[in-house]
Amino acid sequence: MIRWGVLSTAKIAKEHVIPAIIGAEGACLAAIASRDIKRAKNLSTNYNVPLYFGDYGELLSSTEVDAIYIPLPTSDHIEWSLKAAAMGKHVLCEKPISLMANDIDKLIKAEELYNVIISEAFMVTYHPQWIKVRQIIRKGVIGKLNQVNGVFTYYNKDPTDMRNQPELGGGGLPDIGVYPIVTTRYATNSEPIKVTARIKYDDIFSTDKYASAQVEFQGFQLSFYCSTQMALNQHMTFHGDEGRVEVYAPFNARVFDHARLTVHSRDNSRVTEYKFGDIDQYKLQIEQFTKAIVTGEKHQIFSLVDSKKNQKVIDAIYKSHSTGTPQNI
């Protein structure tokens with residue numbers, strides 16, 4: 001059994017990842033930490049967790065914990081991932097693991113130095129719907145891929161939410177803009193070359209509330225937009241010369257909509273639907289990460305090299321907007 005500890009009582013931890021750890025094969029939840037010890041105690045009581053701490057460092061020092069899940073504000077991700085690794089703990093950190101691509105080099109060095117696994121929590125890469133999209137494109141079912149379109153939006157103007165606080169790493173691109181990029185890279189097994197982007201900032205929060213980007217790959221283009229102040233929506237389309245793939249709940253399967261995708265022929269005369277039922281992508285993520293710890297085989301988890309490649313696109317989007325020119329990646 002791999003014993004997990006969770007740093008903070010963040011919403012995503014309570015609603016998704018803690019239940020995933022509890023339900024995952026080969027994993028158990030051993031400890032919870034919060035800067036407010038009452039929150040840690042209450043959550044540990046609710047989930048029958050044996051240990052709770054009012055200090056993150058105390059949890060990291062515990063010999064009863066093997067792996068750490070970090071759902072802290074983005075601005076804290078690098079710091080606490082490094083601290084956890086230095087204590088010999090494996091680390092699964094919420095995305096984005098960093099706000100700058102070059103900072104991920106510190107984590108790559110720490111992973112090797114302390115002989116631990118550090119991975120960014122892109123749960124979508126473990127969901128079978130994305131494995132299926134990847135297979136469909138690889139087999140040439142939709143012919144030559146020409147265009148990918150993506151959208152991820154929600155509406156949130158809560159000033160207390162870290163997503164609206166730039167000093168904590170808030171903004172639409174770090175929070176949700178990463179998803180159309182990572183799923184396109186994953187599904188096509190391709191890397192972007194150049195990006196052109198436009199961003200709108202909130203007058204009060206100073207965070208990016210809208211971003212639109214055209215990301216050039218070899219042979220095709222990804223066009224996507226994301227927003228923290230638009231009506232709720234998410235969708236991905238992969239469009240080839242022989243057909244297209246539509247993904248209806250690409251990022252929050254089970255929450256936004258059912259996990260399903262459709263494959264359309266060139267003239268829409270044939271439509272094949274794939275349904276994936278009540279699959280918990282967070283549980284699959286924990287199980288795969290836990291397996292990697294036990295076996296030492298890391299090739300099926302999201303790597304820090306992949307994290308750096310994804311963050312380089314986000315960095316280039318910001319730079320393209322600020323300079324008004326396309327940016328090589």
Side-chain angles (χ1 to χ4, degrees), residues 3-24 27-49 51-60 62 65 67-85 89-99 107 118-124 126 152 154 156-179 205 207 228 251-252 254-256 280-286 289 302 307:
R3 302 165 299 176
W4 284 81
V6 177
L7 294 192
S8 99
T9 56
K11 182 179 178 181
I12 190 170
K14 291 187 290 186
E15 293 185 357
H16 297 293
V17 181
I18 286 177
I21 294 171
I22 292 171
C28 67
L29 184 57
I32 296 172
S34 171
R35 292 190 173 104
D36 182 342
I37 195 167
K38 290 182 180 179
R39 290 185 179 181
K41 182 180 180 180
N42 289 341
L43 201 58
S44 67
T45 300
N46 291 344
Y47 287 105
N48 196 29
V49 179
L51 299 173
Y52 63 90
F53 302 93
D55 181 89
Y56 299 149
E58 289 179 6
L59 189 154
L60 296 185
S62 173
V65 174
I68 304 294
Y69 168 64
I70 301 177
L72 296 169
T74 302
S75 56
D76 292 338
H77 286 177
I78 291 287
E79 175 188 355
W80 285 100
S81 293
L82 289 173
K83 288 180 176 179
K89 312 300 186 187
H90 303 282
V91 178
L92 179 67
C93 181
E94 262 310 319
K95 55 80 212 158
I97 202 166
S98 174
L99 289 168
L107 300 179
I118 304 175
S119 181
E120 191 172 12
F122 272 119
M123 72 293 182
V124 290
Y126 303 92
F152 196 174
Y154 59 76
N156 179 350
K157 295 189 73 173
D158 179 1
T160 66
D161 194 308
M162 63 84 54
R163 294 168 183 82
N164 294 317
Q165 299 179 43
E167 67 276 12
L168 297 181
L173 280 165
D175 187 39
I176 53 178
V178 291
Y179 282 110
F205 304 136
T207 52
T228 61
F251 315 123
N252 297 126
R254 294 203 318 166
V255 178
F256 178 77
D280 185 347
Q281 58 189 349
Y282 296 94
K283 178 172 173 284
L284 295 178
Q285 175 179 244
I286 295 297
F289 191 89
F302 197 82
S307 292

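One is the number of the first residue; the rest follow in order along the sequence. Because the structure is predicted, anything quoted here is derived from the model rather than measured.
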Legend entry - Working for side chain to side chain donor-acceptor pair (under 3.5 Å), residues Asn252 and Tyr154: CA-CA 12 Å; Asn252 297 126; Tyr154 59 76; over 6 Å; no

Inset, instruction - State, with a plain yes or no, whether a side-chain heavy atom of His90 is found less than 4.5 Å away from one of Phe289. - result: yes

Inset, instruction - Mind checking the CH2-OG spacing from Trp80 to Ser75? Nearest 0.5 Å is all I need. - result: 12.5 Å

Legend entry - Euclidean distance, Leu7 CG relative to Lys89 NZ, rounded to 0.5 Å: 11.0 Å

Legend entry - Spatial distance of atom CD1 (Ile37) from atom CD (Glu58) [nearest 0.5 Å]: 7.5 Å

Legend entry - Contact summary for Phe53 and Ala31, nearest pair of heavy atoms: CE1-CB, 3.9 Å

Inset, instruction - Report the relative orientation of the aromatic rings in Phe251 and Phe152; use parallel for angles under 30°, tilted for 30 to 60°, perpendicular for over 60°. - result: parallel

Inset, instruction - Could you tell me whether the side chain of His77 and the main chain of Cys93 form a donor-acceptor pair under 3.5 Å? - result: no

Inset, instruction - State, with a plain yes or no, whether a side-chain heavy atom of Val178 is found less than 4.5 Å away from one of Phe122. - result: yes

Inset, instruction - For residues Ile286 and Ala24, report the shortest heavy-atom separation together with the two atoms involved. - result: CG2-CB, 3.6 Å

Legend entry - Min side-chain heavy-atom separation Val124-Gln281 under 4.5 Å: yes

Inset, instruction - State, to 0.1 Å, how close Ile118 and Ala85 come at their nearest heavy-atom pair, and which atoms those are. - result: CD1-CB, 4.0 Å

Inset, instruction - Mind running side chain to side chain contact (heavy atoms under 4.5 Å, CB included) on Leu168 and Thr74 for me, showing each step along the way? - result: CA-CA 6 Å; Leu168 297 181; Thr74 302; over 6 Å; no

Inset, instruction - Without swapping roles, check the side chain of Glu94 against the backbone of Leu72 for a donor-acceptor pair under 3.5 Å. - result: no

Legend entry - side chain to side chain contact (heavy atoms under 4.5 Å, CB included) between Asn46 and Lys14, worked out: CA-CA 10 Å; Asn46 291 344; Lys14 291 187 290 186; over 6 Å; no

Legend entry - Residues that Arg39 engages under side-chain contact (heavy atoms from CB on, under 4.5 Å), provided they are two or more places apart: Thr9, Ser34, Asp36

Inset, instruction - Calculate, to the nearest 0.5 Å, the distance between atoms CG and NZ belonging to Asn164 and Lys157 respectively. - result: 9.0 Å

Legend entry - Distance flag, aromatic centroids of Tyr126 and Tyr282, threshold under 6.0 Å: no

Inset, instruction - Report yes or no: does Lys83 contribute a side-chain atom to a donor-acceptor pair with the main-chain N or O of Gly57 at less than 3.5 Å? - result: no

Inset, instruction - For the pair Ile18 and Val6, evaluate side chain to side chain contact (heavy atoms under 4.5 Å, CB included) and give the outcome as yes or no after the intermediate values. - result: CA-CA 8 Å; Ile18 286 177; Val6 177; 4.2 Å; yes

Inset, instruction - Grab the two heavy atoms, one from Gly170 and one from Thr207, that are nearest each other, plus how far apart they are. - result: C-CG2, 3.9 Å

Inset, instruction - Can you see which heavy atom on Val65 is nearest to which on Trp4, and at what distance? - result: CG1-C, 4.1 Å

Legend entry - Polar side-chain atom of Asn42 near backbone of Lys38 as donor-acceptor pair, under 3.5 Å: yes

Legend entry - Gap separating the CG atom of Leu99 from the CD1 atom of Ile78, nearest 0.5 angstrom: 8.5 Å

Legend entry - Minimum heavy-atom distance between Ile97 and Glu120, given as atom pair plus value: N-OE2, 2.9 Å

Inset, instruction - Indicate yes or no for a side-chain donor-acceptor contact from Asn156 to the backbone of Thr228 under 3.5 Å, with no hydrogens or angles considered. - result: no

Legend entry - Under 3.5 Å: donor-acceptor pair, side chain of Lys283, backbone of Ile21: no

Inset, instruction - For the pair Leu29 and Arg3, evaluate side chain to side chain contact (heavy atoms under 4.5 Å, CB included) and give the outcome as yes or no after the intermediate values. - result: CA-CA 6 Å; Leu29 184 57; Arg3 302 165 299 176; over 6 Å; no

Inset, instruction - Answer yes or no: are there more than 12 heavy-atom neighbours, outside Asn48 itself, under 6.0 Å from its atom CG? - result: no

